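Note sheet for the following structure.
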Amino acid sequence: MTAQPATPHAAAPGVRIRDLTVVYKTPAGELPAVRGVDLTLAPGTITGVVGESGSGKSTLALSLLNAVQPPGRIAAGSVEIDGLGDVLTLRGEDLRRARGREVGYVFQAAQNSLNPLKTIGKQLLDLGRSHDVEDLRALVRDARELLARMGMDGARVLDSYQHELSGGMRQRVGIMLALVLNAKVVVLDEPTTALDMITQATILRIIREVHEERALTTLVITHDVGAVAEVADDLAVMYGGRVVEHGPVTEVLGDARHPYTRGLIRAIPRLTGDLSLARALPGRPPTLGTLPAQGCVFRERCERRMDICETDDPAAVTHDGRTVACHATGRPLELVGREELV
Amino acid sequence: MTQTVPGRHRAAAIARKVAGHVVRGLVMIWAVATISFVIIREIPGNPVLGQYESLIQKGMSPEQAERATAVLYGFLPTGNLWQQYVGYLGSLLHFDLGRSLSTPGVEVTTLIGHAARWTVLPVLAGTLLSFLLGVTMGVYAAIKRSGRLGDALALSGSLLHGVPVYVIGLLLTAIFATLWPIMPSGGPVDVEFVPGLNPGYIGSLVHHAVLPVVTYTLASYGGWILAMKSNVVAVLGDDFILAAELRGLRRGIVFRYLARNAILPLFTILALSIGMLFGGSIFIEQIFNYPGLGLLLVNSISSRDYALMGGTFLVITVGIVVANIVADLLYTVIDPRVRSGGAA
Amino acid sequence: MITGTGISKTFRQRGGVLGAREVPALRDVDFAVERGGAVSFIGESGSGKTTLGRIIAGLETHDAGEIVIDGVPMSSLSHRRRQPYFRRVQLIHQDPYSALNPTRTIHQALEAPLALRARQTGRPRSWIDSRAQELLSMVGIDPGYVLPRYPHQLSGGMRQRVVIARALTMDPEVLVADEAVSMIDVSLRLGILALLKDLRERLGVGVLFITHDIATARYIGDDGELYVLYRGQVVERGATEKIIADPVHPYTQSLLSAIPVLHGLEQPGAERVVPKEPQGEGPPGGCLFVPRCPFSTERCEQETPVLGRDGGPGQETEQEHACFHPRRRSVIPVGVGE
Amino acid sequence: MTVIVNPAGPPAAPPAETTRATLRRNFWRGVWRVLRRKPSRMAGVVIVALFALMGVAGPLLYPAQLPRDDNALYAPPSLAHPFGTDFEGTDVLALVITGARYVLLTGLATAVITVALGTAIGLFAGFHRGRWDTVLMRLTDMNLAIPGLPLLLVLSTVWKFESPLEMGLVLGVLGWGGIARAVRSQTLSLRERGFIEAARGLGLPTRHIIGRELLPSMAPYIAMNMLIAVTGAVYAQVGLFFLGVLPFESNNWGVMLNLAVFNGGALTTPAALPYLMAPLIAILLLTLGIVLIVDAMDEIFNPRLREE
Amino acid sequence: GTTGTTETARTGGGVFTTIDGSKQINASAPINPFNPVGSVFSGYNGMALAWPKNDPTDPNQFYPAIAGSWTTSPDRSHVDIHLRPDAKWSDGVPVTSEDVRVSIGLAYTQGGTAYALDPKAAGAAADIQVVDPTTVRITQGANRSSTFLANLLSTVVVPAHVFGKLLPADFWQLLKTAQHGQGAVAEKAKSAITGLAEKVIAFDPGHDVSAGPFVLERVNPGAALLTRNPYFYDRQKIAPDKVKILNYTGNEQIWNYLIAGRLDNAPFTSVPTAVMNRIREARGSKVIKGYSPVAVSLAFNQAHKPYDNVHVRRALAYLIDRAQVTRIASPEGGTPAATTSGIHAQAARAWLGSGFDGLEQYRTNPAKADAELKAAGMTKRNGRWAMPDGSPWKVRIHVPASFSDWVAAGKSISSQLADHGVDASVVTAADYTLYLGELAEGKYDLGLWLIGLGPSPYNIFQRLFGQANGWQMFGGRLRHVAPGTEGNWMGGPEKVDADEAGVVDPGELTGKLNYASQEEQKRIVGVLAKVANEQLPVVQLWDYVNTQFVNTSRYTAFPPDDDQALRLSSGVWMQLGMIRKAEKGRA
Ligand SMILES: Nc1ncnc2c1ncn2[C@@H]1O[C@H](COP(=O)(O)OP(=O)(O)OP(=O)(O)O)[C@@H](O)[C@H]1O
Ligand SMILES: Nc1ncnc2c1ncn2[C@@H]1O[C@H](COP(=O)(O)OP(=O)(O)OP(=O)(O)O)[C@@H](O)[C@H]1O
Ligand SMILES: [Mg+2]
Ligand SMILES: [Mg+2]
């Protein structure tokens with residue numbers, strides 16, 4: 001098979017994650033880093049996942065490629081990708097072929113996702129050979145075009161070693177490698193962490209543009225709400241291994257329904273607006289060890305804690321295309337919030 | 001901020017680096033030469049008397065023994081210490097290490113040349129063998145590190161690494177030359193075969209080298225396996241390996257990424273240990289009576305052959321200094337990161 | 001009160017295959033931090049922010065310029081005599097994970113500087129423990145919980161508070177916070193910023209805040225000053241709120257344009273300044289921003305602009321800037337519905 | 001405008017003292033757990049403890065002059081003599097036990113000197129950097145490049161290494177390079193860590209920084225190196241005695257090896273083989289014990305490995 | 001393996017494997033007998049005028065070799081050497097008087113007893129004359145030594161057509177000047193001759209020209225290979241086709257070879273009993289024992305207290321069980337010394353006759369030892385002997401580490417002494433060279449030391465009352481130096497009371513042995529043996545036994561026990577017609 005030039009209007013696949021649970025083996029037993037997550041990525045959209053450190057974002061992303069590393073293990077659930085089926089049932093060569101060709105992955109620390117001893121070009125050829133690309137020349141040409149698309153001198157970059165590139169350039173190379181085989185589903189794990197503002201803006205712009213040109217289904221994972229808000233169509237908010245809120249980005253940001261989402265938005269430093277309205281979320285983010293075994297994962301920091309939160313894990317309820325997992329949703333929350341702020 | 005270095009620039013830079021290394025190496029060699037000069041002039045003991053009494057004990061008549069040793073007097077160094085030192089350094093410049101006392105009339109360089117052959121052969125074989133074996137097993141041990149086999153491999157590595165070479169040598173000799181004598185107990189080759197590329201000679205050479213080579217291999221195998229294991233584990237933790245897997249690269253390619261990155265630092269160690277080979281085989285040569293540099297050194301010491309002792313020691317050191325330089329340069333050449341001055 | 005004039009620093013990297021390489025990290029930087037004042041430095045990676053912070057904290061030497069602490073020029077003092085002055089400036093490290101020794105409990109971490117302080121001020125040893133508790137309470141954490149613990153048992157936010165408490169043991173005049181929140185969980189960042197602001201107000205310490213995120217700079221103090229650094233040079237300087245609202249230097253505008261828009265809460269600004277990919281170092285003697293500036297002219301390539309208030313023909317800008325073509329552009333996202 | 005400072009800690013906190021004690025207990029429990037996970041490690045501890053005991057108390061178990069049995073020269077192993085007897089009819093086991101002290105004492109002396117020198121030099125170079133660093137690292141390079149065993153051989157012609165301490169001194173002076181280099185690089189990397197810089201910024205004295213901040217962080221590493229240095233010294237020393245280039249006065253393992261091989265024909269006939277094997281086994285056991293302990297230490301101090 | 005050709009299958013053939021005891025094989029060394037490690041092996045490709053017999057008392061007993069016969073004038077003034085007329089070099093050139101003369105000339109460059117440049121030196125040759133192509137006459141100088149003949153006959157003979165060019169044309173003139181000239185001219189000539197030494201030693205002819213039964217074919221670091229010399233005068237006596245001379249670096253290697261049955265003959269090596277038993281088990285293995293004129297003693301440094309006191313020395317002699325020491329140290333290669341006479345027991349009987357039995361035997365006797373120690377003023381406290389001044393007495397017995405039998409002996413002695421309350425320990429020196437150096441510098445109290453170097457009685461007593469004990473021969477004159485100076489480490493008194501003989505100077509008596517007649521020698525030996533026995537400058541521990549190992553599975557007809565040829569190499573045995581191919585010995 002040869003690499004085909006981007007065909008803008010090929011149908012983007014949809015991705016459906018159902019009841020996904022991923023556990024890590026720790027001295028204290030197997031603890032869930034991702035628990036019962038349902039998430040649907042609509043074809044051709046960019047879905048952003050935000051959450052603080054340790055909320056299970058990377059684990060979720062890796063699950064999409066059935067690539068959770070030991071001591072982690074996917075304990076339950078399915079990840080259906082159109083045209084591929086349930087990724088979690090793929091094994092061996094099938095799985096390998098799916099990775100890279102069907103699902104592109106841009107690594108959390110893309111700076112370090114390149115082999116330091118080989119030039120980018122050689123790594124590109126390795127990629128091509130691994131996926132039985134017959135016309136390697138065409139592959140190189142595609143890669144060069146993609147790089148040029150992202151504002152770089154493709155020929156020079158392909159001749160470079162990883163250490164000869166800056167962080168932003170490496171990140172773009174990572175994106176190129178994820179796309180060059182025409183993957184239609186792309187997962188980007190923290191694509192802009194550790195980049196400075198201007199570079200971050202550039203990368204985000206590139207993501208958006210490439211996404212649209214190639215008609216992809218994209219998952220962008222980040223802890224930076226701002227970054228997601230800039231590119232994503234949909235936003236999923238993760239907390240303690242659960243997706244606590246999911247919906248179109250403007251709606252989720254403009255009218256957050258989950259107390260965590262609200263707290264998070266309030267905690268983001270802003271360029272304009274009333275400083276006094278901003279405040280940090282009390283308490284501290286959970287880790288695997290401190291996650292409560294039962295009840296709502298957020299209750300310790302929640303301003304709207306109720307008795308039921310201690311015992312019952314709130315189910316995710318979808319309404320108007322918006323999903324929220326909170327016992328307090330639908331109850332008059334305005335009042336309680338105001339009370340605290342006085 | 002990174003920059004690419006133009007080729008001309010790079011060549012000049014490498015030349016400068018080499019020059020720096022060479023100067024440092026020369027200083028070091030001078031220091032060692034001086035040390036050995038000083039030590040050697042301080043050595044107590046009387047080689048002439050020693051030779052004489054040994055001959056008597058072996059049954060020579062006192063007259064014969066006296067005649068046999070008298071000549072040694074003629075070769076003892078004369079002049080004051082400073083003159084000797086200057087003369088010594090002067091002759092070093094001409095690669096002249098003086099004449100041996102215990103093999104009178106023979107140039108030290110000749111003796112060292114003969115001995116070096118016998119050291120290089122088995123130790124090089126042992127080094128390379130252990131390197132290949134250790135590196136392979138190291139990868140295996142790293143990949144299987146949570147399994148029992150990996151554990152056992154690592155432990156065997158630690159143990160072999162920890163056990164001194166003479167223990168291994170002695171055990172092997174006890175087993176294969178004494179209890180179950182299938183190997184010759186010493187010497188480098190049977191004299192009955194005409195030296196050259198004939199099967200008899202080569203067979204005998206190999207037969208005699210088996211035990212020393214195996215000893216050397218076992219002794220250094222542990223170090224390689226441990227180093228390789230920890231490197232592989234470290235590289236496995238590096239993101240680019242996971243990234244390569246997530247790009248769906250073939251297992252073979254991922255493995256090559258892994259191995260190449262893990263093995264890279266080992267090449268410098270390999271260069272160093274090849275440098276060490278000139279001195280690293282003293283015990284093995286002693287146990288297997290292999291006429292290499294190590295044995296030469298030990299013998300020169302017990303016969304108080306000043307010139308030979310100093311010369312051998314110097315050659316051993318020079319070997320290491322050169323290896324150090326080579327290792328550094330090798331690293332510069334094979335690691336693109338260092339090559340362009342990214343990390344030094 | 002601490003001021004610096006003409007601070008310059010060039011790193012000479014030895015070794016490598018390249019031989020010596022010169023990296024100018026700071027070029028002729030002037031600054032002043034008042035008691036209780038807030039000064040923020042922003043700039044992208046490598047612009048010399050950390051270097052400046054370290055120089056001010058006495059952890060790094062500088063090549064040229066003068067630092068004056070409490071009216072005493074540091075260059076007039078011997079290395080040893082400078083120490084007490086520099087102790088009045090405490091650096092808060094970016095990474096709270098590495099800023100605390102993993103082998104020492106929080107109690108031990110605070111005890112050592114407090115003991116030193118007790119000796120200096122002639123206080124009894126018993127003061128140490130009570131002061132430690134006091135400081136921890138001041139930074140908003142429970143001393144009883146934190147004191148006996150090791151750093152790895154604390155969250156990032158708690159750790160950063162401990163680091164601040166430790167800096168306070170020296171009763172500093174100025175705290176230099178180098179990206180003090182960039183490694184803290186998003187939900188907790190504001191807490192640390194608020195703490196710094198609170199300390200300013202309650203203890204009167206000056207805060208020198210280093211960041212690449214202008215929004216956080218705003219939270220340190222709306223009355224503060226902002227310095228924009230580009231390649232070691234201050235390109236714009238003025239009141240924080242003023243610069244955010246009316247940036248005039250294209251570089252500041254680029255930085256502000258890069259700030260992501262929270263769609264749903266904000267709308268993008270009317271304009272956006274996207275800098276060019278840099279090609280080379282730029283002409284010698286010209287403006288440093290030329291290689292990336294979308295508005296550069298011939299003059300920019302030949303002359304070096306200096307800080308000033310020149311706002312075009314007959315006009316003055318409120319803030320100082322180093323640009324030949326200052327022009328206001330409204331690049332910042334604007335809030336909706338709030 | 002009000003500023004809200006959020007107390008971040010959970011409300012209930014245990015009293016300080018008990019927590020501290022608990023932490024310490026936790027550490028030992030961790031050690032215990034690591035040891036228990038693989039029984040071999042326990043064996044390592046036991047072996048090394050036994051050798052230590054042997055070194056301290058071994059010679060006290062026997063009369064100063066070991067008994068000889070003139071009628072049992074090179075006696076084969078038996079109940080009375082588990083490793084047979086030597087050329088004089090002395091119990092080989094007794095020789096190994098009484099000979100341990102010299103060997104281990106040298107090992108210990110060497111380790112202490114190696115580690116003290118290496119750490120001091122490495123710390124100094126890494127901490128002060130600059131010119132001192134350059135000079136000290138040149139010295140270290142030199143120390144590393146000079147081949148140890150050949151130099152020892154040459155040195156043995158002028159120096160008699162009469163006491164274990166003297167021997168330890170020489171071995172230590174020859175062997176500090178590796179540790180110095182490693183400690184230096186550790187120091188350099190720790191220096192970059194914020195806490196050292198913070199300590200400097202606080203004006204804490206260098207004494208404090210090195211003694212309280214740097215050293216404890218490197219302690220496990222240094223301890224491990226010390227153990228390894230012990231074995232290294234034991235081998236070097238036994239090896240020198242085995243080669244017979246060192247004069248000996250008291251009994252030790254190396255002397256036993258030498259006598260067994262060059263006097264007893266242990267490599268020629270099985271008769272003297274037990275005499276050879278006894279010190280060999282002692283060395284192997286010591287190695288094994290130390291390797292096992294180092295393995296355990298690796299896991300105790302290395303969180304990355306612990307996660308496995 | 002053996003590779004006999006069909007032609008020699010019945011009478012000989014095969015490879016004869018052995019070890020040269022007196023040198024290590026050194027592949028870098030030249031094929032030159034003047035080089036101490038040269039690849040010339042005595043009796044195989046190296047020939048002397050004659051081979052010394054192993055006679056306990058007469059050093060002048062020889063087997064003919066290149067010299068078929070010799071005649072000595074009654075007054076020892078000259079010796080006529082008659083060469084074998086059929087002797088030839090391996091290139092077919094006959095061996096002539098010129099070869100002998102050149103050999104002697106070369107020997108002069110090396111120095112030596114018979115060929116000393118100083119004509120006043122005892123036993124030095126004064127003139128060499130070629131009488132005819134097969135006769136050489138050598139005249140002895142003024143100080144005629146009783147061992148002159150022996151020294152002459154030991155002369156190694158090298159081919160003049162190979163080595164001759166080493167001597168400058170005017171060599172013989174130069175020699176004359178050196179020997180008989182006066183002042184500066186003579187000195188210059190002397191240094192010109194000694195100046196040749198290095199060149200002679202370093203000379204490498206490249207390939208071997210031998211007058212012996214074999215010619216060197218090849219040397220490698222492990223062995224030398226020699227093949228039959230077709231021109232050897234007694235070639236029909238030589239059984240093997242080839243001789244393989246193995247190198248050895250340690251005794252244990254020889255043991256291994258012997259156990260494996262690989263050696264047809266091995267020279268004397270000390271062997272532990274267990275090893276000996278295994279050697280004996282090897283097929284065809286046989287041990288030949290004979291007289292070896294060397295003994296081991298424990299020597300005292302009388303300059304150190306308390307060893308200056310003869311009572312202390314005697315006490316130690318009474319405490320040491322020599323039989324036990326021998327059993328531990330050298331069970332196969334030694335017999336416990338019957339007493340201390342300075343002479344190997346076998347020779348002592350011959351010299352002393354019944355006088356030998358009159359010597360004090362120093363049987364182990366703690367009571368006597370105690371008495372002697374008390375007589376020396378030593379005291380015993382808490383079961384330990386202390387010096388007269390109350391300080392602890394530590395006996396440190398020094399031995400070279402490389403001599404395993406000596407180390408074992410030292411250990412055994414120290415154990416025995418410790419049993420009797422003497423705090424004793426063994427201190428090894430790293431090697432023999434160091435040991436001898438330090439011994440000579442007087443650094444040791446007690447050390448092991450070879451004595452009884454027969455057969456010449458002069459050599460025997462020279463060990464006890466010679467340079468090591470302060471007597472120096474200088475330009476033909478004897479003088480005594482103070483203890484601790486000029487190599488006098490034994491530090492004994494210059495004059496001792498020897499009962500009937502009165503007060504004697506043992507060094508002077510020893511010196512006389514060199515020239516004295518047989519009768520006179522007997523008398524002097526009697527006196528000196530008694531002095532040694534009473535004064536105990538050393539305690540004689542054991543007398544070496546020449547233990548040779550042979551293997552009869554390939555070759556037979558080795559010399560029997562106590563044969564006169566026993567100390568000669570098997571190459572000489574072959575020359576003497578001893579070694580034959582074994583009948584069924586085709587392994
Ligand atoms: N190898 C592992 N062993 C044990 N626990 C792990 C492992 N990897 C991750 N975890 C735990 O799983 C949880 C989720 O981790 P994950 O890496 O998915 O978080 P994340 O949201 O990506 O965080 P970050 O923003 O720091 O990247 C965390 O609590 C983490 O501690
Ligand atoms: N020790 C050093 N040696 C050499 N160059 C240095 C050193 N420290 C900093 N630099 C260089 O000085 C310049 C300024 O660095 P600095 O760390 O001050 O930047 P920064 O603004 O803090 O960047 P960041 O946002 O990435 O922290 C950079 O080019 C950097 O590479
Ligand atoms: Mg992550
Ligand atoms: Mg910085």
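Convention: sequence-line order gives letters A, B, ...; per-chain numbering from 1. Owing to the predicted nature of the structure, the values given are computational and were not obtained by experimental measurement.
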Which answer fits [X], side chain, backbone, both or neither, if we ask what part of it has an atom under 4.5 Å from a heavy atom of chain C?
X	result
Gln200(A)	side chain
Val225(A)	both
Leu235(A)	neither

* Test item: side-chain donor near acceptor, Asp185(C) and Ser53(A), under 3.5 Å ->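 There is no such pair between these side chains.
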* Asked: Is it the case that His211(A) and Thr218(A) place a side-chain donor and acceptor less than 3.5 Å from each other?
  -> yes
* Asked: Which residue out of Ala227(A), Gly263(A), Pro269(A) racks up the most heavy-atom pairs below 4.5 Å with chain C?
  -> Pro269(A)
* Asked: In terms of heavy-atom pairs under 4.5 Å, which option from Pro248(A), Gly54(A), Ala232(A), Gly254(A) contacts chain C the most?
  -> Gly254(A)
* To do: Could you tell me which of Leu256(C), Ile244(C), Thr216(C), Leu188(C) has the largest number of non-hydrogen atom pairs under 4.5 Å with chain A?
  =>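 The answer is Leu188(C).
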* Does any heavy atom of chain A fall under 4.5 Å from the side chain of Leu154(C), the backbone, both, or neither of them? ->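 For Leu154(C), the contact with chain A is made by the backbone alone.
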* **Test log, rule side chain to side chain donor-acceptor pair (under 3.5 Å), inputs Glu190(A) and His223(A)** => CA-CA 7 Å; Glu190(A) 312 239 1; His223(A) 60 251; 3.1 Å; yes
* **Main-chain N/O of Ser257(C) paired to Arg272(C) side chain as donor or acceptor, under 3.5 Å** => yes
* Could you tell me whether a side-chain N or O of Thr240(C) sits under 3.5 Å from a main-chain N or O of Gly224(C), the two making a donor and an acceptor? =>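 Yes, Thr240(C) side chain to Gly224(C) backbone: donor-acceptor pair under 3.5 Å.
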* To do: Identify whether NZ of Lys or CZ of Arg in Arg301(A) sits under 6.0 Å from the centre of the six-membered ring of Phe298(A) and within 45° of that ring's axis.
  =>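 So Arg301(A) doesn't make the cation-pi contact.
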